[in-house]
Number of protein chains: 2
Amino acid sequence: MRSTDENTRTAAGLAHVLRPQVMRLARRLRQMQDHTLGLNPNQLSAMAVLLNSGDQLIGDLAVVEQVRPPSMTRIIHGLEMRGYVARRSDPADHRHCLVTLTEAGRQVLLANRRRRDEWLTIRIAKLDPADRDVLRRAVPVLERLNQG
Amino acid sequence: MRSTDENTRTAAGLAHVLRPQVMRLARRLRQMQDHTLGLNPNQLSAMAVLLNSGDQLIGDLAVVEQVRPPSMTRIIHGLEMRGYVARRSDPADHRHCLVTLTEAGRQVLLANRRRRDEWLTIRIAKLDPADRDVLRRAVPVLERLNQG
DNA sequence: TATTGTTATACTCTATAACTATA
DNA sequence: TATAGTTATAGAGTATAACAATA
């Protein structure tokens with residue numbers, strides 16, 4: 001049996017054909033987020049955490065982003081220089097360094113998301129209505145897949 | 001309107017909710033491919049091109065992988081040291097350097113894919129049959145989305 | 001004494017420019 | 001003279017180890 005004829009009745013067969021399509025779409029979406037401004041992927045990703053989950057400690061950001069604390073110090077320093085984040089010492093514990101997304105940072109991030117959404121919107125608009133309906137129902141399934 | 005209440009009847013609304021789910025799933029699939037052996041993402045990606053499209057010139061690999069020729073020289077050199085690719089001069093034009101995936105390289109790549117498929121298989125198996133059916137029908141739609 | 005974050009230093013990976021060889 | 005690939009060198013970016021500040 002050729003891989004393109006994979007039996008998608010089984011979870012394994014479905015995984016095998018779903019994975020490359022998801023990876024490929026994600027790769028193309030990722031390609032356009034980078035190089036937008038002088039921001040690298042890690043900086044954009046750290047900003048996304050701040051937007052989604054609110055203010056964070058340097059150490060917590062490092063854990064979430066899977067980098068070491070010194071690297072996160074550098075990432076945040078670059079964002080601070082551009083005015084996209086602000087830092088303040090935690091009044092309750094001055095060892096902690098709280099990082100906040102500024103309004104300018106929020107705007108940059110939202111503009112970036114809009115750009116990627118627009119690219120995907122154009123492609124989705126070219127699909128048949130039936131195909132769009134399939135994607136529409138796939139969203140909550142992917143959500144459950146990501147949570148599980 | 002809150003973003004979670006996005007109107008998915010429109011292509012834009014659908015793009016907005018589909019994108020983060022695709023990105024998130026891809027990120028988790030990517031996380032496990034790296035650090036598998038001593039291979040970095042670019043090396044694995046170059047090997048995948050060789051597996052999918054057959055022997056390639058250094059220059060063509062550089063174009064496809066969007067790196068500069070000197071970088072591809074390095075990437076291929078690392079793979080050659082491990083015995084995962086072989087190089088030979090093109091008999092018709094000795095300036096060209098043809099790169100071939102070895103059997104060992106092919107095995108490493110297939111094992112890597114299996115590993116990622118297994119991770120996804122476990123998650124898919126936990127879904128309801130109805131959810132799996134939605135995903136099954138989403139695969140060809142994603143395929144069309146990637147082609148368009 | 002333990003913890004948070006920073007600085008110092010080394011390593012990895014990439015790109016540009018200069019070079020070798022082939023055509 | 002032009003082209004494919006390599007070597008030399010510099011520039012980002014990360015990690016480990018050592019350090020400063022705070023608890």
Side-chain angles (χ1 to χ4, degrees), chain A residues 27 30-50 53-82 84-101, chain B residues 27 30-50 53-82 84-101:
Chain A
R27 197 179 313 128
R30 192 154 18 93
Q31 277 171 355
M32 79 178 28
Q33 93 170 324
D34 308 347
H35 320 301
T36 311
L37 302 133
L39 300 175
N40 66 34
N42 280 340
Q43 288 175 316
L44 284 166
S45 187
M47 287 173 75
V49 173
L50 295 174
S53 309
D55 300 1
Q56 301 284 326
L57 301 181
I58 290 274
D60 291 345
L61 277 175
V63 170
V64 171
E65 292 297 284
Q66 301 189 316
V67 298
R68 301 294 165 187
S71 301
M72 188 51 70
T73 293
R74 243 183 105 88
I75 289 165
I76 294 302
H77 186 253
L79 291 173
E80 194 184 17
M81 291 295 98
R82 294 164 197 273
Y84 295 153
V85 303
R87 301 158 41 139
R88 63 178 196 283
S89 191
D90 183 346
D93 185 339
H94 289 281
R95 291 174 305 183
H96 291 87
C97 174
L98 272 164
V99 184
T100 310
L101 193 64
Chain B
R27 196 179 315 128
R30 191 153 21 90
Q31 277 170 354
M32 78 178 30
Q33 93 170 323
D34 308 346
H35 320 302
T36 310
L37 303 131
L39 300 175
N40 66 33
N42 280 340
Q43 288 175 317
L44 286 166
S45 187
M47 288 171 74
V49 172
L50 295 173
S53 310
D55 298 1
Q56 301 284 325
L57 301 180
I58 292 274
D60 291 344
L61 277 175
V63 170
V64 171
E65 293 295 284
Q66 300 188 318
V67 298
R68 300 296 164 186
S71 301
M72 189 49 71
T73 292
R74 242 185 106 88
I75 289 165
I76 295 301
H77 186 254
L79 291 173
E80 194 183 17
M81 290 296 98
R82 295 164 196 274
Y84 295 154
V85 303
R87 301 159 41 142
R88 63 179 196 281
S89 191
D90 183 345
D93 185 339
H94 290 281
R95 292 174 305 184
H96 291 88
C97 175
L98 273 164
V99 184
T100 310
L101 193 64

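Throughout, a chain's letter reflects where its sequence line sits, starting with A, and its residues are numbered from 1.
Among residues two or more places apart in sequence or in another chain, the side chain to side chain donor-acceptor pair (under 3.5 Å) test is passed with B:Thr73 by none.
Note: CE (A:Met72) to C1' (D:dG13) measures 13 Å, nearest angstrom. B:Gln66 has its CD atom 10 Å from the P atom of C:dA15, to the nearest Å. At whole-Å resolution of the value, CG in B:Asp55 and P in D:dA4 are 18 Å apart. Taking atom CD of B:Gln56 as the reference point, atom P of D:dA4 lies 15 Å away to the nearest angstrom. As a whole-Å value, the separation of A:Leu44 CG from D:dG13 C1' is 15 Å. Per the geometry, CZ belonging to B:Arg74 stands 23 Å off P belonging to D:dA4, to the nearest Å. Rounded to whole Å, atom C1' of C:dC13 lies 15 Å from atom CG of B:Leu39. Across the protein-nucleic acid pair, B:His77 atom NE2 and C:dT12 atom C1' stand 16 Å apart, rounded to whole Å.
For the OP1/OP2 pair of D:dG13 and a distance below 4.0 Å, the side-chain nitrogens and oxygens of A:Ser71 include no atom meeting the criterion. For the pair A:Thr73 and C:dT6, the criterion of a side-chain N or O lying under 4.0 Å from OP1 or OP2 is met. Applying the 4.0 Å criterion to OP1 and OP2 of D:dG13, one finds that A:Asn40 has a side-chain N or O inside that range. Of the side-chain N and O atoms in A:Arg87, one or more sit less than 4.0 angstrom from OP1 or OP2 of C:dT6.
Scanning both residues, B:Ser45 and B:Glu65, for their nearest heavy atoms gives OG-OE1, 2.5 Å. Closest non-hydrogen pair, B:Asp60 versus B:Gln56, comes out as CB-OE1, 3.9 Å. Scanning both residues, B:Ala46 and B:Ile75, for their nearest heavy atoms gives CB-CG2, 4.2 Å. Scanning both residues, A:Leu50 and A:Val99, for their nearest heavy atoms gives CD2-O, 3.5 Å. What you find for B:Val67 and B:Met72 is that their closest heavy atoms are CG2-CE, 3.7 Å.
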Strictly under 3.5 Å: I want the nitrogen or oxygen pairs between protein and nucleotides 19-23 of chain C, one per line.
from	atom 1	to	atom 2	distance (Å)
C:dA23	OP1	B:His94	N	3.0

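Of the candidate nucleotides D:dG5, D:dT6, D:dT16, D:dG5 has the atom lying nearest to any side-chain atom of B:Leu57. Taking only side-chain atoms of A:His96, from C-beta outward, the nucleotide of C:dT4, D:dT6, D:dA17 with the closest atom is C:dT4.
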Handout entry: Audit row: B:Leu39, B:Leu79, side chain to side chain contact (heavy atoms under 4.5 Å, CB included) steps and yes/no
Key = CA-CA 8 Å; B:Leu39 300 175; B:Leu79 291 173; 3.7 Å; yes
